[in-house]
Amino acid sequence: MMEKLSYQEKCACSRSSFCKYVERQEYFTVYEKEYLVKIIVNDNLSGVLYVSSVLVVWSFIAGIIDAVLFPGIIAYAIFHGVVDYKVLTPPVLFLLVNLHCKQLKRQSKAQ
């Protein structure tokens, strides 16, 4: 099976634990193994999983900030009479940067 791969594909497959797992399995046919290895190596599956995990973690962090800290700072500012740019600038900046990054992500997906 590995003979049909290019040198770069062999190197990529040797670094991938899932690719090694597919190679050792006996219940896959040779054609199924070839197909799976080509998908794993050429589609950069690990890169997609890494980016997905980073986006999930960032979504949780941004969700906590948007749902808890942002309203908390506004409530604190209103109840303590400290409605000032020093108090409200950080959450407003975070909200704007977060919205901008999400918009960039949507644009990159559309392309």
Side-chain angles (χ1 to χ4, degrees):
M1 178 193 73
M2 292 294 281
E3 300 84 32
K4 295 182 180 181
L5 298 177
S6 69
Y7 175 74
Q8 290 176 339
E9 290 172 337
K10 287 178 185 176
C11 290
C13 190
S14 66
R15 288 190 300 267
S16 170
S17 58
F18 187 67
C19 191
K20 291 177 188 175
Y21 169 78
V22 168
E23 273 183 46
R24 288 186 295 234
Q25 296 306 311
E26 295 176 3
Y27 55 86
F28 290 130
T29 66
V30 176
Y31 300 110
E32 289 173 333
K33 287 181 183 181
E34 265 182 48
Y35 177 73
L36 287 172
V37 167
K38 288 279 188 183
I39 288 175
I40 294 165
V41 172
N42 293 331
D43 284 348
N44 201 7
L45 185 63
S46 61
V48 171
L49 293 175
Y50 173 74
V51 170
S52 298
S53 64
V54 168
L55 290 176
V56 165
V57 169
W58 176 248
S59 294
F60 280 121
I61 292 169
I64 289 170
I65 290 172
D66 287 343
V68 177
L69 296 179
F70 188 64
I73 289 173
I74 292 173
Y76 174 83
I78 291 171
F79 286 123
H80 286 42
V82 192
V83 179
D84 192 4
Y85 74 94
K86 294 176 194 171
V87 175
L88 297 177
T89 300
V92 170
L93 282 178
F94 175 80
L95 181 67
L96 293 175
V97 169
N98 192 25
L99 288 174
H100 179 68
C101 290
K102 287 179 183 179
Q103 184 64 29
L104 290 176
K105 184 177 81 170
R106 284 189 193 120
Q107 287 174 356
S108 68
K109 277 185 177 180
Q111 294 174 354

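Side chains included, hydrogens not; waters and symmetry mates left out as well; all remaining heavy atoms used. Computed from a predicted model, the values in this text were never measured in an experiment.
Every residue two or more places apart in sequence or in another chain that forms a side chain to side chain contact (heavy atoms under 4.5 Å, CB included) with His80 is listed here: Tyr76, Val82. Judged as a side chain to side chain contact (heavy atoms under 4.5 Å, CB included), and not counting sequence neighbours, the contacts of Tyr35 are Ile39. In this structure, the side chain to side chain contact (heavy atoms under 4.5 Å, CB included) partners of Ile61, at least two apart in sequence or on a different chain, are Val57, Trp58, Ile65.
One hydrophobic cluster holds both Ile78 and Val92 under the rule that ILVMFWY side chains link at heavy-atom gaps under 4.5 Å.
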